[in-house]
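Step one of this worksheet: look at the structure below.
Letters A, B, ... are given to chains in the order of the sequence lines, protein chains preceding strands, and every chain is numbered from 1.
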Amino acid sequence: MKRHNRTMIAAATAMLCLVSLVGAQDGPALPDGLPAGDGASETESGGASGPSLPSGLPGGEDDDASAGTSPPTGLDDDGDDATAPDEADDRTWLDMVNDAGMSGFWEVRGGMRTQNDPYQNDVSLAETRLQIDWREVFDGLTVQLTGDLVYDQADHHMSNVNLNTGSGWFDLREAWVAFSPLAFLDVKAGRQVLTWGTGNYVFLNDIFPKDWLSYFLGRDLEYLKAPSDALRLSVFTDIVNAEFVYMPHVLPSRGITGRRLSYYSPQLGRPAGQDAVIDPERPDECFDDAVYAMRLYRRIGSYELAAYGSWGVWQTPEGFDPARGVAFYPRLNTYGASVRGPLLAGIANMEVAWYDSRDDRHGTNPFVRNSEMRILVGYEQDLPEIADDLTVGVQYYVEIMADYDSYRDALLPGQPQADPARHWVTFNVTKQLINQNLTLDLFAYYSPSSDDAYFRPSVSYKIDDHWTATLGGNVFVGSHNHTFFGQFERNSNVYASLRFGF
Amino acid sequence: MKYTRTILTTLLLTLTFVTAAEQTSEQLTVDEIIQTANFTAYYQGADGRARVHMKIVDPQGRTREREMTILRWDAPNPDSDETIPRKDQDHTGEQKFYVYFHKPADVAKMTYLVWKHIGKDDDRWLYLPGVDLVKRIAATDKRSSFVGSNFYYEDISGRQPALDNHELIETNKNFYVLKSKPKDPEAVEFSYYKTWVHTTTALVIQQEYYDKNGQAYRKYESKKVEQVDGYWTTVASRMTDLQTGRYTDLTYPKVEYNVGIDEDIFTERYLRRPPTQYIDE
């Protein structure tokens, strides 16, 4: 009996110990605001009586009661200091600028040519830029204004502001209003940047203006897209969504004119630059030269399908009038389609476009670019197996000239002959380091048919939430001085920038 | 003899307590705990809206901040009785998230859309307003940093419980302590993680991730909870890299449930045109 008793005592003690142990082993401290699971047993450990079970699983009144007994309480009483970012105290003038709907950046950016170009200065870029961006929402109406104040020591035309070409000390990038007059309709009117299509720095159905000059000089990537003056109507239905863009006057791409970057002049039969600045005849008669573009798109599962059309002019001066000796923008219609969606572990895209060069439908005019078919296939994926924050992508892109025989027959003696198809492969790799604050990036174009290439390496570091430093290059190489990238060889440059964003 | 009886009584009481404790833990199976915790963390209400403030602090004390508005929409239970309002369903299915970035300057006004799928990769889109570009983003990097913070994409949108084997290793008055091992160890960087689920609210109060040597290297802590619209909600939390000491604090200055956000918001239309009715600048 005694022996029995002792065993029981031992067992009981063990169990009690276990129970109190379980009680003590609470794990992490409860966060602020949480009702303790069981307030009673907290104080009366061991021989607990009353509601000592882990009760109140579904929550309820006793939660509040027990919350009252445990220290970290206060569902709505104690201060929100832990929750609210401590902004009330240290509001800076920048916060006030932001509160006024303004944001933007200030930056300095300088670039040097890596080769001697007899037609250009060694300094390719020496600019400081202040972008101010103002957005306000008035009861369903959104207004956006974005303008850049620029001073570039390497540009001798700073005083001539031209909002259409982006030259001069002021560049109006956005000035639009947006509203939804009907549940299924969005309207955006004014100066705006327009983008569609699936290419990565390769454009097929995106016939909206680009700024190749900025791209090649090493400005921030957002400058690759130049603004349009447009009315954009977006219609949303269950079957298909549609976008209609009307541009009353043509704002062509901001291209290579020879003023800042040299190019190959077929007329001169040699590279040219500031000695032969192209001043193409701009189709500037409002409404006569309007551009229309549309996109129909819908999603099926995870796949995005789109069809495109545009009726306007080439974005680059693809025509030359030998009689007057001026370059011009020939008429162009485009029709195309694209699909984009997941494939394997990445995202694949395919896009096609037919470029109907209306001023040279039969390809017999050697001074106007022929019609062509454009095809793009791309794939991009992350490689977490190799490293975090590592993304690689490849694209194959081809421009197949229509009526090649006519083109060849019509060529003038001495004119360099283009290939029937221009092939490009692009490769890009991006790696982020130091908590995504350091970005190493390389985007490369290589054309086996033209035997030329363009490399865009860059290193960018976010010093803090405002400051970003970037170092990069634009390297053109080619076997011939008349191919697309080969002609820019002597424009190869390195650049550096420091930006303060707000 | 009296002594013996006392002991017997004590023993009996103890037994009752232990059994009762066991019973309550038995009432909720591991799967139920996981399901409830997953629901509480990511699915409360039919939809949600939160202003989120993120503060990343490195070991030197330097900080980086991000601020965003996150909108959430939950797919209704396809098998559910139609009489049950969506907000009362305890379905943990597909979801859609819309993120609008307020700060810092280099990402301000960017929008980000995630369609969270069950059993296949999510769909993700990022909109860059400066170039009017809708970029499709592969979703294979679920366990990589979300906007440079210590939180992973998966921490923000929720790791699917079915990806791990869960085991209840302890139950005490405050917590269910679970140990979860990945079904596919190659796909993740942890060998297991422990979760402390609060017994009464099913809120995840702490999580620790362990490497192959059994060393904890990553820790989630709920710092503050509140009852918002009747839903227990974590309104301040921290994720710490235990190896470097770098951490990220997430605070939710404003949380709302059952806002009535239409599913249409989670489309390309609103990526390009942020739904101003739900986003305070």
Honestly, the part of Asp133(A) sitting under 4.5 Å from a heavy atom of chain B is side chain

Under 4.5 Å to a heavy atom of chain A? For Arg246(B) that would be side chain

Checklist entry - Got a sec: does the CG of Asp184(B) have more than 12 other heavy atoms crowding it under 6.0 Å? => result yes

Between Asp464(A) and Arg64(B) the two heavy atoms that sit nearest each other are CA-NH1, 3.5 Å

If one checks every heavy atom of Arg299(A) against chain B at 4.5 Å, the contacting part turns out to be side chain

Given Asn150(B), Leu203(B), Asp106(B), the one with more heavy-atom pairs under 4.5 angstrom with chain A than any other is Asp106(B)

Salt-bridged, Glu380(A) to Lys135(B), with N to O below 4.0 Å?
yes

Bottom line for Asp206(A): the part with an atom under 4.5 Å from chain B's heavy atoms is neither

What one should report as the nearest heavy-atom pair of Gly501(A) and Ala105(B) is C-CB, 3.4 Å

| task | Evaluate the side chain to side chain contact (heavy atoms under 4.5 Å, CB included) criterion for residues Trp125(B) and Glu304(A): first the C-alpha distance (whole Å), next the side-chain angles of each, then the deciding distance (0.1 Å), finally the verdict. | result | CA-CA 11 Å; Trp125(B) 294 265; Glu304(A) 299 160 86; 3.3 Å; yes

Before you tell me yes or no, could you show the steps for Leu30(A) and Asn174(B) under side chain to side chain contact (heavy atoms under 4.5 Å, CB included), namely the whole-Å CA-CA distance, both residues' side-chain angles and the distance that decides it to 0.1 Å? CA-CA 8 Å; Leu30(A) 291 177; Asn174(B) 281 331; 4.0 Å; yes

Okay, Ala183(A) and chain B: the region with an atom under 4.5 Å from a heavy atom over there is backbone

### Query
When you look at Arg269(B) and Ser180(A), which way does the side chain to side chain contact (heavy atoms under 4.5 Å, CB included) test go after all the steps?
CA-CA 11 Å; Arg269(B) 177 182 189 180; Ser180(A) 300; 4.1 Å; yes

Highest number of heavy-atom pairs under 4.5 Å with chain B among Gln381(A), Glu385(A), His466(A), Arg295(A) belongs to Arg295(A)

Assert top hit (heavy-atom pairs under 4.5 Å, partner chain B, pool Phe184(A), Phe208(A), Phe500(A), Trp196(A)) equals Phe184(A)

Rounded to the nearest 0.5 angstrom, the OG1-CZ distance for Thr276(B) and Phe138(A) is 12.0 Å

When the 4.5 angstrom heavy-atom criterion is applied to His102(B) and chain A, the contacting part is neither

Hits for side-chain hydrogen bond (donor to acceptor under 3.5 Å, both in side chains) against Trp106(A), two or more places apart or cross-chain, chain-then-number order -> Thr128(A)

Those residues at least two apart in sequence (or on a different chain) that pass side-chain hydrogen bond (donor to acceptor under 3.5 Å, both in side chains) with Ser144(B) are Asp141(B)

Under 4.5 Å to a heavy atom of chain B? For Phe236(A) that would be side chain

Check your understanding: Would you call Ile205(B) and Pro31(A) a side-chain contact if the rule is heavy atoms closer than 4.5 Å?
Key -> yes

Note: vs chain B, highest number of non-hydrogen pairs under 4.5 angstrom among Pro384(A), Ala345(A), Gly346(A) is Ala345(A)

Scored by heavy-atom pairs under 4.5 Å with chain B, the best of Lys462(A), Arg340(A), Arg499(A), Gln432(A) is Arg340(A)

Donor-acceptor pair, distance only, cut-off 3.5 Å: does the side chain of Gln436(A) make one with the backbone of Ser145(B)? yes

If one checks every heavy atom of Thr146(A) against chain B at 4.5 Å, the contacting part turns out to be neither

Side-chain heavy atoms of Pro129(B) within contact of Glu174(A), under 4.5 Å:
no

Turns out that what part of Lys120(B) lies under 4.5 Å from chain A's heavy atoms comes down to side chain

So, the part of Phe105(A) with a heavy atom under 4.5 Å from chain B: the answer is neither

Greatest number of non-hydrogen atom pairs under 4.5 angstrom with chain B, of Asn98(A), Asp99(A), Val193(A), falls to Val193(A)

Okay, Leu343(A) and chain B: the region with an atom under 4.5 Å from a heavy atom over there is neither

Quiz prompt | Asn349(A) vs Arg136(B), side chain to side chain contact (heavy atoms under 4.5 Å, CB included): CA-CA, chis, key distance, verdict | solution = CA-CA 10 Å; Asn349(A) 61 291; Arg136(B) 190 77 183 256; over 6 Å; no

Highest number of heavy-atom pairs under 4.5 Å with chain A among Lys223(B), Glu221(B), Lys194(B) belongs to Lys223(B)

The single option from Val134(B), Asp132(B), Leu128(B) that satisfies side-chain contact (heavy atoms from CB on, under 4.5 Å) with Thr195(A) is Asp132(B)

Chain A shares the most heavy-atom pairs under 4.5 Å, among Gln277(B), Arg143(B), Lys109(B), with Lys109(B)

If one checks every heavy atom of Asn437(A) against chain B at 4.5 Å, the contacting part turns out to be side chain

Honestly, the part of Ser222(B) sitting under 4.5 Å from a heavy atom of chain A is both

Distance col, row Asp121(B):CG vs Leu344(A):CG, nearest 0.5 angstrom, shows 11.0 Å

The single option from Arg66(B), Lys55(B), Lys103(B), Arg62(B) that satisfies salt bridge (Lys or Arg N to Asp or Glu O under 4.0 Å) with Asp465(A) is Arg66(B)

Per-residue tally against chain A (heavy atom, under 4.5 Å) across Arg272(B), Glu186(B), Arg51(B), Glu189(B) peaks at Arg272(B)

Nearest heavy-atom approach of Ile347(A) to Ala138(B) is CG1-N, 3.6 Å

To the nearest 0.5 Å, atom OG of Ser302(A) lies from atom CG of Asp122(B) at 9.5 Å

The interface call for Ala178(A) against chain B, heavy-atom contacts under 4.5 Å, is neither

>> Is it true that, when you exclude Tyr231(B) itself, more than 12 heavy atoms of the residues, nucleotides or ligands shown sit nearer than 6.0 Å to its OH?
In response: yes

Rounded to the nearest 0.5 Å, the CG atom of Asp382(A) sits from the CD1 atom of Ile137(B) at a distance of 9.0 Å

Turns out that what part of Glu268(B) lies under 4.5 Å from chain A's heavy atoms comes down to side chain

Highest number of heavy-atom pairs under 4.5 Å with chain B among Glu222(A), Arg232(A), Gln144(A), Arg173(A) belongs to Arg232(A)

Under 4.5 Å to a heavy atom of chain B? For Leu221(A) that would be backbone

